[in-house]
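Computed over heavy atoms, backbone and side chain alike; hydrogens, waters and symmetry mates excluded. We count ligands from 1, going down the list as the structure has it; atoms in each ligand are counted the same way. For reference, positions follow the sequence shown, starting with 1.
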Amino acid sequence: MGRRFSSVIAVVCFSFLPNLLTAADGKQTLLVNADHRASISLDGDWHVIVDPYDNGYYDFRMQPRPDGYFRNEKPDSSDKLIEYDFSKSATLKVPGDWNSQRDSLFFYEGTVWYEKDFQYQRRPNTRTFLHVGAANYVAHVYVNGKKACDHEGGFTPFDCEVTDLVHDGGNFVVIHVNNQRTRDGVPTLNTDWWNYGGLTRDVLLIETPETYVDDYYLQLQRGVGSIIGGWVHLVDSAAGTPVTVKIPELSLAQTAPTDAQGRATFSLTATNLQRWSPEKPKLYDVEISVGGDRLNDTIGFRTIEVQGDNILLNGKSVFLRGVSIHAEAPYRSGRAWSEQDAETLLGWAKELGANFVRLAHYPHDERMTRLADRMGIMVWSEVPVYWMIEWENPATLANATNQLQEMIRRDRNKASVVLWSVANETPNTPARLAFLRKLIETAHTEDPGRPVTAALLVTTQPDSPEGIRTKVIDDPLGEYLDVLGCNEYIGWYEGTPDLAPRTRWKSKYNKPLIMSEFGGDAKFGLHGATTERWTEEYQENIYRQQIAMLKQIPFLRGLTPWILMDFRSPRRELPDIQDFYNRKGLVSNEGQKKKAFFVLQEYYNSLGAQSK
Ligand code: GCU
């Protein structure tokens, strides 16, 4: 069968109904603002069965078992031969990846079955959803032994409707999670980050009224004045159902009827709006009410757009002083998910003098974007279309499209998120161009209010006789992007650090450039000459030389050096230096700041002072 069971069916459904994000059977959806909805947390200890041969699903003929582990049968229930028992099985923490919780699972890629018992009392005239913040990589969800829904993609949330599956009193949920990499997956076989598997983010039970708000989009309209426009989408509502949006602090309230598709459209004129910005990250309480139901959110209002080679925030040119971040948990390692993880990572970014972060290479936990909203840090958010993807496979395109739509749907009301990225370091081929053009179109359709970017590789022209190197941004994908991102490793993978100031940059496009990656590895505490690789001095020198080069690029509008903190990677095996860590961090995974941290901090503080 090759692919995991049943995902083939799911993929087919998605490709026909790309924009609805609801599976054909209506069982899987994505409830926006899940963290502010009435919910019961199922986080904590879950019983697990590590199942390398998927024995809990397939029989010896590799045929799906009718009585697989999802049934959660108890060995003592009959004389039937049962060879598993969740209640006696060990537990793992949820949220959390399995690799960092148990040494024996450090390298594990395969299936793990998760089981949790829960008590539940359903209130009349309500619907119940099982919300999963993220499950890497494919998840099959069962409640009380019956299939609830499936999901593919390790970094975006999904909600399974379980109204007909739950009952009053004792219930159980079983989730089959598999993180095996596949050729047609997104990401695919090769990544420079650890393939942490499991239920890596919150699992909640969410209750809604029978007619409920699943999605909304409220943004400050570009151009003059302060018009907050957008829509609210209701599921299973009669056309003409009145929906009210209130922003009490602005004395704004408007009621609008839903149309035949369940969408109510709004246009609110704010007189004394304080726009969201890094300097003043103002958020407003927003109330959305329908009948007796009410949803609260906190939203900042700002505009972000591109004009020529400028990026305008609230109509003013802005320079994005950034850093790239992986969702690696500081100090303990493993997939980051907690408020503490977010505070530590964004706290270091703030200390650097950053007003921007690139959350690489996949959507991070919603706590990161919520905190970025509050801290005034702008965000580049990305889908894991990374290196080599099966560009010509329609199922892979449907999968990437779905992940992109889920990323946008979860965070399009976050003022901090200013850029969607559709790809990282992908090869310049016609199939790739066609694939990514579709993603860019989808992003613009799902969110007309934000520019789209991607991290490109650039062409290097032969050096001049004087030793000047010229880089040209001429990737055909640049034509379709709003903002150009470029990854370069002058001084690490290419030449020596002093090559950077001798490098000139040209672009075929009159568009803003963000240098989305540069840097080099250094083991914290390893010292030596500036010419000695792996030392802090060598990395420090890379940054000094890079900054000298970057200052010369007239259309540079931001940078996100690689990377804030050392992170785990299966591709980094140099003993006593890497030990399965990519050491390009400015901070070690134990929170120790390397010399280069202070070089960048000095540069950002000087820029910050200029922009005041
Ligand atoms: C690449 C890639 C990163 C990787 C980095 C590195 O550019 O985008 O994911 O970690 O280089 O080699 O350190």
Engineer: Could you check whether Arg370 pairs with Glu339 (Lys NZ or Arg NE/NH1/NH2 to Asp/Glu carboxylate O, under 4.0 Å)?
Structural biologist: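 Salt bridge flag = no for Glu339 with Arg370.
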
Engineer: In ligand 1, which numbered atoms sit nearer than 4.0 Å to a non-hydrogen atom of His361?
Structural biologist: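 What qualifies from ligand 1 is 3 (C), 8 (O), 9 (O).
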
Engineer: Please identify which atoms of ligand 1 are closer than 4.0 Å to at least one heavy atom of Arg572.
Structural biologist: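 Selected atoms, number and element: 6 (C), 12 (O), 13 (O).
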
Engineer: Nearest to atom 12 (O) of ligand 1 by heavy atom, Trp562, Tyr493, Tyr489, Tyr386: which?
Structural biologist: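 Residue with the shortest heavy-atom distance to the ligand atom: Tyr493.
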
Engineer: Has Glu488 got any heavy atom lying under 4.0 angstrom from an atom of ligand 1?
Structural biologist: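 It does not; every heavy atom stays at 4.0 Å or beyond.
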
Engineer: Looking at atom 7 (O) of ligand 1, what's its closest protein heavy atom, distance included?
Structural biologist: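 In this structure, atom 7 (O) of ligand 1 has Glu425 OE2, 2.3 Å as its nearest protein heavy atom.
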
Engineer: When you measure from atom 2 (C) of ligand 1 to every protein heavy atom, which one gives the shortest distance, and what is it?
Structural biologist: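 Checking every protein heavy atom, the shortest distance to atom 2 (C) of ligand 1 gives Glu517 OE1, 3.4 Å.
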
Engineer: Does the residue Trp193 have a heavy-atom contact with ligand 1, meaning some pair of atoms that are separated by less than 4.0 Å?
Structural biologist: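 Contact check Trp193 vs ligand 1: negative.
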
Engineer: Taking non-hydrogen atoms only, is Phe567 closer than 4.0 angstrom to ligand 1 via side chain, backbone, both or neither?
Structural biologist: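 Side chain only.
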
Engineer: Under the side chain to side chain donor-acceptor pair (under 3.5 Å) rule, what do Glu406 and Asn402 come out as? Steps first, then yes or no, please.
Structural biologist: CA-CA 6 Å; Glu406 291 180 343; Asn402 184 55; 3.3 Å; yes

Engineer: What protein heavy atom sits nearest atom 4 (C) of ligand 1, and how far away is it?
Structural biologist: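 Checking every protein heavy atom, the shortest distance to atom 4 (C) of ligand 1 gives Asp192 OD2, 3.2 Å.
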
Engineer: Between Asn582 and ligand 1, which part of the residue brings a heavy atom under 4.0 Å of the ligand: side chain, backbone, both or neither?
Structural biologist: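 The side chain, only.
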
Engineer: Do the side-chain N and O atoms of Asp482 and His444 include a donor-acceptor pair separated by under 3.5 angstrom?
Structural biologist: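 Short answer, yes.
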
Engineer: Say whether Tyr480 and Glu441, considering side chains only, have a donor N or O and an acceptor N or O under 3.5 Å apart.
Structural biologist: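 Short answer, no.
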
Engineer: Output yes when a side-chain donor or acceptor of Glu479 lies under 3.5 Å from a complementary backbone atom of Pro476, and no otherwise.
Structural biologist: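 Between the backbone of Pro476 and the side chain of Glu479 there is no qualifying donor-acceptor contact (under 3.5 Å).
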
Engineer: Are Asn136 and Thr200 close enough that a side-chain donor and a side-chain acceptor fall under 3.5 Å?
Structural biologist: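 No pair is found: no donor N or O on one side chain lies under 3.5 Å from an acceptor on the other.
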
Engineer: May I ask you to check if Lys584 and Tyr489 form a cation-pi contact, with NZ or CZ under 6.0 angstrom from the six-membered ring centre and within 45° of the axis?
Structural biologist: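 Judged by the rule, Lys584 and Tyr489 form a cation-pi pair.
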
Engineer: Taking both backbone and side-chain atoms of Asn424, is any N or O found less than 3.5 Å from an N or O belonging to ligand 1?
Structural biologist: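 Yes, there is a polar N/O contact under 3.5 Å.
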
Engineer: Between the side chains of Gln403 and Asn399, does any donor sit under 3.5 Å from an acceptor?
Structural biologist: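 Yes - a donor-acceptor pair under 3.5 Å links their side chains.
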
